[in-house]
Number of protein chains: 4
Amino acid sequence: MIITTAAFKGGVGKTTTAIHMAAFLQQDGDTLLVDGDPNRSATRWSKRGAGFLFKVVSEQQAAKYGRSFKHIVIDTQARPEREDLQDLVDGCDLLILPTTPDVLSLDALMQTVNLMKVLGSQQYRVLLTRVPSAPRKDGAEARELLVTAGFPLFKAQIRELVAFQKAALDGLIVAQVNDRRAKIAWSDYLSVGQEILNG
Amino acid sequence: MIITTAAFKGGVGKTTTAIHMAAFLQQDGDTLLVDGDPNRSATRWSKRGAGFLFKVVSEQQAAKYGRSFKHIVIDTQARPEREDLQDLVDGCDLLILPTTPDVLSLDALMQTVNLMKVLGSQQYRVLLTRVPSAPRKDGAEARELLVTAGFPLFKAQIRELVAFQKAALDGLIVAQVNDRRAKIAWSDYLSVGQEILNG
Amino acid sequence: MIITTAAFKGGVGKTTTAIHMAAFLQQDGDTLLVDGDPNRSATRWSKRGAGFLFKVVSEQQAAKYGRSFKHIVIDTQARPEREDLQDLVDGCDLLILPTTPDVLSLDALMQTVNLMKVLGSQQYRVLLTRVPSAPRKDGAEARELLVTAGFPLFKAQIRELVAFQKAALDGLIVAQVNDRRAKIAWSDYLSVGQEILNG
Amino acid sequence: MIITTAAFKGGVGKTTTAIHMAAFLQQDGDTLLVDGDPNRSATRWSKRGAGFLFKVVSEQQAAKYGRSFKHIVIDTQARPEREDLQDLVDGCDLLILPTTPDVLSLDALMQTVNLMKVLGSQQYRVLLTRVPSAPRKDGAEARELLVTAGFPLFKAQIRELVAFQKAALDGLIVAQVNDRRAKIAWSDYLSVGQEILNG
DNA sequence: TGAGTTAGAATGGCACCACCCGTC
DNA sequence: GACGGGTGGTGCCATTCTAACTCA
């Protein structure tokens with residue numbers, strides 16, 4: 001399975017999503033994470049820690065490792081052009097578009113991919129990330145907005161928790177982090193993964 | 001005075017900073033905000049509301065309006081190349097590099113602009129934005145990290161408050177927002193402005 | 001079902017009524033709002049916000065979308081001529097004539113549509129809008145006046161509340177507005193809708 | 001002196017303003033009020049009472065009475081086209097555009113007459129009418145909005161008071177009405193008049 | 001080392017108060 | 001002059017999360 005993550009704005013958890021989707025798929029079989037971000041965020045994340053179970057390579061190395069992995073996750077550079085989107089969709093089994101529930105991110109998302117709404121939800125889906133907890137209603141409001149606008153949306157969403165910060169800092173998967181809510185954080189991405197597998 | 005905002009990662013408050021610095025300078029004289037972001041975030045922010053006191057134009061219109069304004073704020077596109085940075089610095093009186101106190105943002109910042117540390121703090125400065133409130137220590141830790149690494153840093157920093165979300169949603173300056181903490185949010189940017197004026 | 005709103009004087013809540021009747025009908029099935037007002041008030045209202053659940057189109061587009069919607073609400077231009085009224089009635093299942101309980105509005109209404117009183121209340125009805133709260137008696141007096149004059153009148157009436165202002169400002173249905181009395185405001189239009197359904 | 005009132009939306013106090021400006025000018029010399037509104041609101045207002053000190057005629061009679069009056073006030077029909085505006089301005093000494101401080105009225109006003117902002121404030125001015133009293137801030141906010149947008153605005157504004165309703169009901173000038181606040185209501189229009197005379 | 005507890009901060013909801021107007 | 005109602009402002013409380021502390 002090939003999963004690609006893309007975003008029109010930084011800071012929405014694109015790299016975090018790519019890494020944890022790779023960790024999820026690794027449970028099922030050997031997985032390759034292709035770091036296409038010019039900042040090399042995923043690679044540097046990986047190098048801070050003891051390494052992940054899955055392999056992280058740059059875009060240039062992707063061809064070489066190509067088909068020796070059961071699953072591939074591709075973390076693309078930010079701000080794809082509208083024309084690139086179709087290419088991204090064609091190049092994978094599922095394109096994940098993470099977005100935070102704030103105005104600027106939603107605005108950039110909706111402004112750019114309105115034309116994609118004709119595609120089926122099998123090909124791409126929007127994932128709400130960094131959702132603040134109650135009593136804030138950002139998540140619910142953003143969800144309603146996106147559904148009204150006709151975007152295919154994951155039922156699961158990713159909470160905003162410090163465990164993700166610690167994971168990035170320590171070079172770990174969030175499930176391995178020493179934090180009281182690490183399990184909860186990981187369960188969010190588990191839900192996303194199961195939602196993908198169950199269609 | 002010409003102030004430019006740039007960032008190596010989205011979602012760090014680059015546009016929010018540009019808009020509020022323009023609002024600050026407008027207090028002193030007519031100010032022009034040049035929206036150089038391909039997402040046109042500042043322009044769209046402006047259009048959601050009743051308009052700002054300062055004028056917002058695209059990069060293409062910038063030359064035309066050029067010198068009829070006392071102050072100019074330039075909101076650049078995300079992810080400048082390292083070579084562009086010197087150009088950005090040369091093209092303004094002060095380059096503001098906003099960053100959130102999380103690993104990925106700090107990582108991208110420090111990785112890219114280490115060469116700029118030879119420049120004086122008159123020419124560019126880093127601004128910590130979206131700083132979580134106590135008991136989280138992200139702000140203090142990031143501050144210590146940046147100071148240790150030798151970056152010129154604003155003493156002032158911008159809190160993470162919903163008032164900024166409401167401002168973006170309503171197309172207003174945060175000071176005009178109907179929110180309990182709107183005054184506090186605006187005072188953060190006021191501090192930045194005064195820090196600039198006082199050298 | 002096709003509902004049309006018309007008024008002989010602006011500022012009586014014609015557009016507000018059209019939008020909220022569309023929101024009411026949308027609960028039952030896909031609804032189309034045809035914005036026939038030259039000021040494009042409904043369209044501009046819609047565009048200020050994140051969009052409504054129902055679709056808003058101009059009069060020119062109405063034919064195209066025509067029959068793919070279960071319900072249609074038509075917001076006509078102000079000040080129809082007396083002869084146009086019969087056409088308006090013929091072109092819909094129910095013609096709603098909103099009016100505020102002030103002399104000038106009532107005067108314009110009664111002066112113009114006296115000839116319609118021969119029609120049954122199945123075809124058109126007057127809706128009192130922007131009714132001030134007690135101790136003002138404007139609503140009761142206007143109601144008595146209209147009943148005496150033989151006009152079919154909705155038992156329900158719409159209060160004058162700032163929530164409606166906020167809804168117009170934010171591009172939302174009044175039920176979604178952040179206001180203490182938003183629920184009350186919406187219940188007024190709910191009553192109108194139920195009164196229509198119950199004959 | 002010739003004063004014309006026009007509005008892009010009904011219910012903003014256009015007729016009320018015309019009548020009271022006529023009453024104000026009558027203090028200085030014989031005044032004619034030309035009722036150009038198809039609803040004949042001013043004429044009907046006049047006939048409900050014992051008559052005004054100034055004369056009210058229809059548009060068709062205007063030419064006949066033409067120059068035998070020192071002052072003329074013209075109450076035009078609602079919703080002038082943009083092209084008509086220049087004609088309206090040319091046909092009088094001062095064009096008054098009354099507007100209520102609500103979104104829909106302000107929207108219609110600003111949408112239509114942006115092109116007039118190049119004219120001097122000697123030729124037309126916007127008058128805020130039906131301004132709610134404290135603690136509501138509608139008036140102040142609308143004023144700030146209009147000033148920011150560059151419209152010439154009367155410093156004076158007309159409060160929303162029942163005295164105006166009673167005046168319309170009884171066919172009187174608001175100063176003659178039996179109401180506790182009638183004097184206050186009249187003083188609002190007095191301020192407008194004096195503002196006109198003092199330039 | 002791990003679990004439970006407490007303090008601090010921000011948000012959202014609710015209640016209370018002051019102000020103003022209109023009616024009696 | 002008293003009363004009722006809506007609006008805006010302020011203050012209080014419950015919720016949630018984080019960090020620090022305590023205890024086993």
Side-chain angles (χ1 to χ4, degrees), chain A residues 101-102 130-141 158-166 169 177-185 188, chain B residues 101-102 130-141 158-166 169 174 177-185 188, chain C residues 101-102 130-141 158-166 169 174 177-185 188, chain D residues 101-102 130-141 158-167 169 174 177-185 188:
Chain A
D102 67 282
R130 306 188 58 171
V131 179
S133 58
R136 293 183 61 168
K137 300 182 298 184
D138 306 44
E141 289 174 358
I158 313 299
R159 271 170 276 229
E160 166 131 59
L161 294 170
V162 276
F164 288 112
Q165 294 285 335
K166 294 183 183 173
L169 189 61
V177 162
N178 175 21
D179 185 281
R180 203 191 311 219
R181 278 169 239 279
K183 295 241 169 60
I184 297 179
D188 281 351
Chain B
D102 66 285
R130 306 188 57 171
V131 179
S133 61
R136 292 185 61 169
K137 300 183 300 181
D138 307 44
E141 289 174 0
I158 312 300
R159 271 170 276 228
E160 167 133 58
L161 293 172
V162 277
F164 287 112
Q165 295 283 336
K166 293 183 182 175
L169 189 61
V174 76
V177 162
N178 177 19
D179 185 283
R180 228 179 319 194
R181 277 169 243 279
K183 294 257 167 58
I184 297 179
D188 281 352
Chain C
D102 67 284
R130 306 188 58 171
V131 179
S133 60
R136 292 184 62 169
K137 300 182 300 181
D138 306 45
E141 289 173 359
I158 312 299
R159 272 170 274 229
E160 166 132 60
L161 293 171
V162 277
F164 288 112
Q165 294 283 337
K166 293 183 183 175
L169 187 61
V174 76
V177 162
N178 177 19
D179 185 282
R180 234 180 316 192
R181 279 169 241 280
K183 294 256 168 59
I184 298 179
D188 281 352
Chain D
D102 66 284
R130 307 189 57 172
V131 179
S133 58
R136 292 184 61 168
K137 300 182 298 182
D138 306 44
E141 288 174 358
I158 313 301
R159 272 169 276 228
E160 167 132 59
L161 293 171
V162 275
F164 288 112
Q165 295 283 336
K166 294 182 182 173
L169 190 60
V174 75
V177 162
N178 176 22
D179 184 281
R180 207 193 310 216
R181 280 169 241 278
K183 295 246 168 57
I184 297 179
D188 281 351

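In what follows, every chain begins at residue 1, and chains take the letters A, B, ... in the order their sequences are listed. Given the structure is predicted, the values throughout are model-derived calculations rather than measurements.
- Nearest-nucleotide mapping onto DNA chain F: of C:R159 and B:P135, the residue sitting toward the 5' end is C:R159.
- Separating the CG atom of A:D188 from the P atom of F:dC17 is a distance of 11 Å, rounded to the nearest angstrom.
- Nucleotide E:dA10 holds its P atom 16 Å from the CG atom of A:D138, rounded to whole Å.
- Counting all heavy atoms, side chain and backbone alike, B:V174 lies closest to B:A185 at CG2-CB, 3.6 Å.
- Going from atom CD of C:E141 over to atom C1' of E:dT23 covers 11 Å, rounded to whole Å.
- In this structure, B:D179 places its CG atom 11 Å from C1' of E:dG12, rounding to the nearest Å.
- In terms of position on DNA chain F, the residue among A:K166 and A:A134 whose nearest nucleotide sits closer to the 5' end is A:A134.
- Looking at every heavy atom in both residues, B:R130 comes nearest to B:P101 through O-CD, 3.9 Å.
- Between C:D179 and C:R181, no side-chain nitrogen of the basic residue sits less than 4.0 Å from a carboxylate oxygen of the acidic one, so the salt-bridge criterion is not met.
- A:R181 contributes no side-chain N or O that forms a donor-acceptor pair with the base of F:dT16 under 3.5 Å.
- With rounding to whole Å, C:N178 atom CG is found 14 Å from F:dT7 atom C1'.
- Whole-Å rounding puts the C:R130 CZ to F:dG5 C1' distance at 17 Å.
- With hydrogens and angles ignored, a donor-acceptor pair under 3.5 angstrom links the side chain of C:R180 to the base of F:dG8.
- The two residues C:G139 and C:V131 come nearest to each other via the heavy atoms CA-CG1, 3.7 Å.
- The shortest distance between the side-chain N/O atoms of A:R136 and the OP1/OP2 oxygens of E:dG12 is not below 4.0 Å.
- Taking 4.0 angstrom as the limit, C:K137 places a side-chain polar atom (N or O) nearer than this to OP1 or OP2 of E:dC24.
- Rounding to whole angstrom units, CG of residue B:L161 and C1' of E:dG12 are separated by 15 Å.
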